[in-house]
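Written below as structure tokens is the structure these notes are about.
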Amino acid sequence: MGRITPSFAVTRVELHDAAPDAAGTSRARVVTDTRADLVTGEEPLEIRMGGQVLTTTMRTPGADLDLVHGLLYSEGVIASADEVAEARYCAGATGADGRNTYNVLEFDLTRPEPLAPEFIRGLPTSSACGVCGSTSIAQVLGKPRPPITPLKLDPELVVQLPDRLRAEQKAFRKTGGIHAAGAFTAAGEPVVTREDIGRHNAADKVIGALLRQGQLPADNMILVMSSRASFELVQKAVTAGFSALVAVSAASSLAVELAREAGLALTGFTRGNRFNLYSGALKQG
């Protein structure tokens with residue numbers, strides 16, 4: 001059974017109109033069919049540093065190193081991939097079959113300084129809540145971060161970006177139930193795309209991949225999300241130096257405020273031939 005898209009036997013139920021009986025009463029005709037179906041994998045990832053548990057997040061297995069690097073970068077723990085001396089799966093983490101679950105990842109930093117207490121979270125987090133320590137726009141803007149290069153958005157390109165992201169979503173085509181994030185050039189070419197059951201994890205995987213490839217700050221790049229634009233996702237985009245964030249769903253009030261303060265172009269409800277421009281400017285002509 002694959003860990004990214006495991007298969008389960010499910011019963012599909014369909015209701016069809018039925019002709020009235022002699023008494024004039026009609027009930028829907030129920031048709032069932034049992035077959036194998038692929039679903040999105042969801043497993044915990046326990047992240048440790050030097051044997052200390054920092055956090056446990058629910059994620060879709062795959063690109064775990066990108067996820068950890070992106071998380072550490074987004075939280076301001078590291079500024080470059082070189083600051084991670086080593087990252088490894090713990091050999092002692094085994095399942096009922098005695099095999100490595102690959103659900104415990106430990107890393108060491110090149111510097112000996114301890115992490116800030118607010119970063120250490122012993123309680124599990126869901127795939128939807130994010131793991132972001134900042135609580136205000138002032139805190140985000142006050143942290144060291146790359147300057148954002150203003151990018152005027154081409155409306156014709158913006159409406160194409162969700163479909164271009166969807167074209168990269170292999171797991172979504174199999175399951176229909178997984179988020180995605182993608183870094184695109186200003187011309188709309190994909191640079192890095194990642195999928196995960198958690199939208200924050202998907203963004204961290206993209207940021208981590210760019211960091212490990214030496215492509216941060218994401219100058220003149222567009223972060224495209226298959227989800228809404230929350231404050232934490234805008235924070236991640238700002239911290240990574242993206243010029244724009246394109247989301248297929250709504251934006252929150254704090255996300256809009258942060259985007260405007262930081263100079264990040266932000267769109268929401270980017271579907272079909274329309275979108276809402278919450279921050280930034282459009283390219284004319």
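For this chain, numbers begin at 1 and follow the sequence in order.
Remark: of the listed residues V77, I47, I78, I47 is the sole one forming a side chain to side chain contact (heavy atoms under 4.5 Å, CB included) with L71.
At a threshold of 4.5 Å between non-hydrogen side-chain atoms, the residues D154 and V158 do not count as touching. A heavy-atom distance below 4.5 Å is not found between the side chains of M225 and V246. When side chains are defined from C-beta on, N103 counts as touching R3, because their heavy atoms get closer than 4.5 Å. Proximity of F231 to L258: side-chain heavy atoms (C-beta onward) are separated by under 4.5 Å at one or more points. Counting heavy atoms from C-beta on, the side chains of L161 and F184 come closer than 4.5 Å. No side-chain heavy atom of I197 sits under 4.5 Å from any side-chain heavy atom of M58. A heavy-atom distance below 4.5 Å is not found between the side chains of T185 and N220. A heavy-atom distance below 4.5 Å is not found between the side chains of N276 and T267.
Atom CD of E156 sits in a sparse spot, with 12 or fewer heavy atoms from other residues, nucleotides or ligands closer than 6.0 Å. Remark: N273 CG is loosely packed, at most 12 non-hydrogen atoms of other residues, nucleotides or ligands lying under 6.0 Å away.
Taking the charged nitrogens against the carboxylate oxygens, E168 and R166 have no contact shorter than 4.0 Å, which rules out a salt bridge.
Between the CG atom of L165 and the OG atom of S226 there is a distance of 6.0 Å, given to the nearest 0.5 Å. Remark: L245 CG to L223 CG distance equals 5.0 Å, nearest 0.5 Å. Here the straight-line distance linking atom CG of L211 with atom CG of L65 works out to 12.0 Å at 0.5 Å rounding. In this structure, the separation between CD on E106 and CG on L54 is 9.0 Å, given to the nearest 0.5 Å. Within the model, atoms CZ of R164 and CD1 of I222 stand 9.5 Å from one another, a figure rounded to the nearest 0.5 Å. Atom CZ of R194 sits about 12.0 Å away from atom CD1 of I178, to the nearest 0.5 Å.
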### Query
Could you walk me through whether R59 and E42 pass the salt bridge (Lys or Arg N to Asp or Glu O under 4.0 Å) check?
CA-CA 5 Å; R59 97 306 188 191; E42 182 178 27; over 6 Å; no
### Message
Could you go through R88 and E86, starting from their C-alpha distance and side-chain angles, then the distance that decides it, and tell me whether this counts as salt bridge (Lys or Arg N to Asp or Glu O under 4.0 Å)?
### Response
CA-CA 7 Å; R88 59 197 174 277; E86 183 181 11; 3.4 Å; yes
### Message
Quick one, T5 with T40, criterion side-chain contact (heavy atoms from CB on, under 4.5 Å). Give me CA distance, side-chain angles, the key distance, then yes/no.
### Response
CA-CA 5 Å; T5 55; T40 299; 5.9 Å; no
### Message
Between K283 and L153, does the side-chain contact (heavy atoms from CB on, under 4.5 Å) criterion hold? Intermediate values first, please.
### Response
CA-CA 5 Å; K283 183 184 295 185; L153 298 175; over 6 Å; no
### Task
Evaluate side chain to side chain donor-acceptor pair (under 3.5 Å) for S252 paired with S230, printing each intermediate quantity in order.
CA-CA 6 Å; S252 70; S230 66; over 6 Å; no
#### Entry: Full working for side-chain contact (heavy atoms from CB on, under 4.5 Å) between F8 and D37
CA-CA 5 Å; F8 291 88; D37 190 37; 5.9 Å; no
### Check against side-chain contact (heavy atoms from CB on, under 4.5 Å), E14 and R12
CA-CA 7 Å; E14 292 185 6; R12 297 185 180 181; 5.7 Å; no
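Hydrophobic cluster membership is shared by L233 and L67, with clusters built from Ile, Leu, Val, Met, Phe, Trp and Tyr side chains linked at under 4.5 angstrom. Hydrophobic cluster membership is shared by V140 and L254, with clusters built from Ile, Leu, Val, Met, Phe, Trp and Tyr side chains linked at under 4.5 angstrom. L277 and L157 end up in the same hydrophobic cluster when Ile, Leu, Val, Met, Phe, Trp and Tyr side chains are linked at under 4.5 Å. Under the 4.5 Å side-chain heavy-atom criterion for ILVMFWY residues, no single connected hydrophobic cluster contains both V248 and F269. When the side chains of ILVMFWY residues are joined at heavy-atom separations under 4.5 Å, either directly or via intervening members, L151 and L264 end up in two distinct hydrophobic clusters.
Considering only residues two or more places apart in sequence or on other chains, Q169 meets the side-chain hydrogen bond (donor to acceptor under 3.5 Å, both in side chains) condition with none of them. With sequence neighbours excluded, the residues that form a side chain to side chain contact (heavy atoms under 4.5 Å, CB included) with S279 are A259, R260, L266.
Side-chain N or O atoms of R199 include none that pairs as donor or acceptor with a backbone N or O of A181 at under 3.5 Å. Side chain of D196 to backbone of T60: a donor-acceptor contact under 3.5 angstrom is found. With T110 contributing its side chain and A85 its backbone, the two residues share no donor-acceptor pair below 3.5 Å. Without hydrogens or angle criteria, T270 side chain to A247 main chain gives a donor-acceptor distance under 3.5 Å.
Residues A240 and L216 come closest through the heavy atom pair O-CD2, 3.7 Å. Shortest non-hydrogen contact noted between R274 and V159 is N-CG1, 3.9 Å. Heavy atoms only, all atoms of each residue included: H16 and V31 are closest at CD2-CG2, 3.5 Å. Between G241 and P217, the shortest heavy-atom contact is CA-CB, 4.3 Å. Smallest separation of non-hydrogen atoms from A262 and L141: CB-CD2, 3.9 Å. Smallest separation of non-hydrogen atoms from S7 and L38: CB-CD2, 3.7 Å.
Between the side chains of S74 and T239, no donor N or O sits under 3.5 Å from an acceptor N or O. When only modelled atom types and interatomic distance are considered, T11 and T34 share a side-chain donor-acceptor pair under 3.5 Å. Counted by atom type alone, T149 and D219 present one or more donor-acceptor pairs between their side chains at under 3.5 Å. In this structure, a donor-acceptor pair under 3.5 Å is absent between the side chains of E195 and H179.
Among residue pairs with one or both ends in residues 52-89, those qualifying as ring pair (Phe, Tyr, Trp, His ring centres under 6.0 Å) are Y89-Y102; sequence neighbours excluded.
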